[in-house]
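All of these numbers come straight from a predicted model, not from anything done at the bench.
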Protein chains: 2
Amino acid sequence: MSVTTLHRPTHRDALSALSAAFERGELVTVFGRCTVDYDGRAASSLGPGDRLLILKPDGTALVHTDEQRTPVNWQPPGSEHRAAVRDGRLRVRSVRGNPDERLDVRFERVDQVSALPVTGGRSVDVYGSEEDLRQEILDDPDLVEPGFEPAATERQTAAGPVDLFGHDDEGRPVVVELKRRRVGPDAAGQLGRYVEALSREVPDGTEVRGVLVAPSVTDRARELLAEKGLSHVPLAPPAESSTAADTAASGDGGEPTTVGDSSSEPEDGAD
Amino acid sequence: MSVTTLHRPTHRDALSALSAAFERGELVTVFGRCTVDYDGRAASSLGPGDRLLILKPDGTALVHTDEQRTPVNWQPPGSEHRAAVRDGRLRVRSVRGNPDERLDVRFERVDQVSALPVTGGRSVDVYGSEEDLRQEILDDPDLVEPGFEPAATERQTAAGPVDLFGHDDEGRPVVVELKRRRVGPDAAGQLGRYVEALSREVPDGTEVRGVLVAPSVTDRARELLAEKGLSHVPLAPPAESSTAADTAASGDGGEPTTVGDSSSEPEDGAD
DNA sequence: CGTGCCAGGTGCCCT
DNA sequence: AGGGCACTTGGCACG
């Protein structure tokens with residue numbers, strides 16, 4: 001139950017390793033010279049090169065080059081991986097339906113095949129989300145404005161669910177749209193749609209106010225807000241979630257060995 | 001100039017391998033039992049588990065589990081990777097500025113370290129993009145409507161650049177917004193902003209029309225369009241780019257060995 | 001650099 | 001399954 005690695009395997013041996021690894025529900029990495037062809041929502045093809053193919057037991061396929069966070073080609077979870085030897089090449093084909101999409105990776109040379117038994121947690125609690133921002137406001141509604149009283153979250157309207165709905169100190173309905181980071185015109189439009197939708201649900205003549213809560217706003221967004229009579233309250237998500245345990249890591253300093261960048265000063269022998 | 005792999009290395013040996021690999025500008029994979037902590041735009045922590053860490057020479061860091069296309073944690077390109085041995089663990093730290101973000105992966109056990117010399121093309125031409133849709137229309141403007149005459153692409157307005165601008169058969173200005181796939185309310189809002197912005201640049205009384213070209217629209221988007229007096233022309237990007245070479249792969253059939261899914265019928269020994 | 005916007009966006013939750 | 005939306009969105013092109 002450990003890592004299995006083949007060096008410069010024959011295509012046939014690589015194929016066997018792939019099959020065995022998937023039977024065991026392991027993640028597989030393949031490195032070698034390959035071409036990549038994709039056809040589905042769009043289409044693309046990629047000429048020969050040495051790249052890293054990752055095949056996950058959930059059906060995900062990733063082709064990574066030496067750059068970028070985004071894989072150069074991929075297949076989403078739920079796809080079906082198949083492998084075969086064709087025309088002297090190891091062909092790994094990943095297919096899914098709805099929409100129909102196909103990814104073909106053809107190796108003319110396989111340098112390494114590894115089967116990795118992945119375990120442990122796969123989800124993380126992320127702090128600083130829009131949800132944290134909402135909680136922050138529910139804990140202290142005055143952050144929106146003095147006298148603001150929250151009435152409902154995710155309140156349904158004809159234009160969709162409103163992040164936070166309530167009333168101001170004079171009883172006027174207030175639509176609050178929450179954004180965890182600086183926003184552009186799209187957010188202003190979104191808030192505007194909610195306000196307009198709610199205006200129609202409310203007795204004629206009742207003014208519905210709209211408040212965009214976000215750390216900051218671009219100029220264009222500000223203009224749009226002004227145009228629509230909406231306002232902006234500068235407020236960012238809390239640095240730490242109120243519900244999260246204090247996980248501040250301390251005593252982890254030191255001068256580690258630099259391995260990825262030669263631009264900095266020479267390290268003075270610390271490791 | 002080939003793959004370098006260490007099995008169950010000591011932390012110290014793993015560290016050496018990392019340093020050497022980065023000197024050579026290679027991509028590094030590390031598999032082993034680790035914890036992951038991230039702090040930056042948001043924050044997260046992940047308990048012990050066996051996961052795959054990918055370090056790219058461009059500063060990208062990816063932590064992958066056995067599920068999902070999206071890494072469970074990551075650091076974007078431009079980050080600086082550092083490694084050190086601390087408290088009996090191999091710590092890989094990836095840091096960037098603007099915004100300040102830090103990713104720590106701490107291995108209590110390293111099962112495998114590989115240095116992979118990645119080469120070859122890293123970009124693909126994707127067909128079926130919005131650009132292809134625009135070209136399709138420029139080749140045959142009647143696809144928008146009979147008599148439509150394109151005047152400019154990316155025409156600037158106070159609300160941003162308009163995908164395609166032109167005039168209808170009666171000389172009225174027309175704003176065309178292109179979307180490569182089915183769209184929701186956001187696209188309708190976007191088009192509405194452009195039409196409104198252009199209406200102000202044009203002599204009083206001149207009607208500016210807005211056309212959303214997309215394969216289809218959601219109900220909510222349709223309502224919004226009707227509300228704003230905008231129209232929808234159902235049109236999808238061409239299946240193949242007109243400029244792209246015909247790369248249809250043929251003669252690649254056969255009955256490959258299934259390795260990723262046990263739900264299908266038993267394969268009859270073809271390979 | 002920030003602003004705006006497309007993307008094979010991905011992923012989540014709701015109806 | 002489809003719609004609506006958040007996301008450490010990522011990535012690019014333009015001011």
Side-chain angles (χ1 to χ4, degrees), chain A residues 38-44 60 67-78 96-103 123-124 126-131 133-134 154 156-157 159-163 177-187 190 193-194 216-222 237, chain B residues 38-44 60-61 63 67-79 96 98-103 123-134 154 156-157 159-163 177-187 190 193-194 216-222 237:
Chain A
Y38 156 74
D39 195 6
R41 286 167 292 177
S44 71
T60 303
E67 289 184 346
Q68 298 288 67
R69 199 205 83 131
T70 306
V72 66
N73 277 113
W74 68 92
Q75 201 66 270
R96 72 156 172 167
N98 198 347
D100 281 340
E101 294 194 296
R102 192 190 70 225
L103 179 71
S123 67
V124 293
V126 174
Y127 320 135
S129 64
E130 178 180 307
E131 169 59 29
L133 180 55
R134 167 172 16 202
E154 300 297 317
Q156 292 301 321
T157 74
V162 166
D163 281 344
E177 173 67 23
L178 306 172
K179 295 294 174 188
R180 62 176 304 279
R181 64 172 205 173
R182 181 175 176 86
V183 296
D186 51 339
Q190 194 180 346
R193 292 202 301 275
Y194 294 151
S216 60
V217 162
T218 67
D219 285 348
R220 196 99 83 194
R222 189 174 303 282
Chain B
Y38 156 74
D39 195 6
R41 286 168 291 179
S44 71
T60 303
V63 180
E67 289 183 346
Q68 297 288 61
R69 200 204 83 129
T70 305
V72 66
N73 277 113
W74 69 90
Q75 200 66 267
S79 306
R96 72 157 173 166
N98 197 354
D100 281 341
E101 294 195 295
R102 192 190 68 224
L103 179 70
S123 68
V124 293
D125 285 323
V126 174
Y127 320 134
S129 63
E130 178 180 309
E131 170 57 29
D132 290 323
L133 181 54
R134 167 169 22 203
E154 300 297 317
Q156 292 300 322
T157 72
V162 166
D163 281 344
E177 173 67 23
L178 306 172
K179 293 295 173 187
R180 62 177 302 279
R181 62 169 215 174
R182 182 175 177 87
V183 297
D186 50 340
Q190 195 180 346
R193 292 201 301 276
Y194 294 151
S216 60
V217 300
T218 67
D219 284 349
R220 196 102 80 192
R222 188 174 304 283

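Following rounding to the nearest Å, A:Arg134 (CZ) and D:dC5 (P) show an atom-to-atom distance of 14 Å. Distance, A:Gln156 CD to C:dT15 P: 7 Å, rounded to whole Å.
Take B:Asp163 and apply the side chain to side chain contact (heavy atoms under 4.5 Å, CB included) test, not counting sequence neighbours, and it matches B:Glu130, B:Glu154, B:Glu177, B:Leu178. Partners of B:Arg222 according to the side-chain hydrogen bond (donor to acceptor under 3.5 Å, both in side chains) rule, which considers only residues two or more places apart in sequence or in another chain, do not exist here. Here B:Gln68 pairs with nothing under the side-chain hydrogen bond (donor to acceptor under 3.5 Å, both in side chains) rule; sequence neighbours left out. With sequence neighbours left out, A:Thr157 forms a side-chain hydrogen bond (donor to acceptor under 3.5 Å, both in side chains) with no residue at all. Under the side chain to side chain contact (heavy atoms under 4.5 Å, CB included) criterion, B:Ala43 pairs with A:Tyr127, B:Asp39, sequence neighbours left out.
Rounded to whole Å, the P atom of D:dT8 lies 23 Å from the corresponding atom of D:dG4. Using C1' as the reference atom, C:dC6 and C:dT10 are 15 Å apart when rounded to the nearest Å. Rounded to whole Å, the separation between the P atoms of C:dG11 and D:dG11 comes to 15 Å. Rounded to the nearest Å, the gap between the P atom of C:dA7 and that of D:dC7 is 22 Å. With both ends at atom C1', the span from C:dG9 to C:dC5 equals 12 Å, rounded to whole Å. Rounded to whole Å, the separation between the C1' atoms of D:dG10 and D:dA6 comes to 15 Å.
Neither side chain, B:Ser79 nor B:Arg96, offers a donor N or O lying under 3.5 Å from an acceptor on the other.
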(Q) Counting primed atoms plus P, OP1 and OP2 as sugar-phosphate and everything else as base, spell out the protein contacts along nucleotides 4-10 of chain C at 4.0 Å heavy-atom distance: B, S or - for each nucleotide, 5' to 3'. (A) SSSSBSS
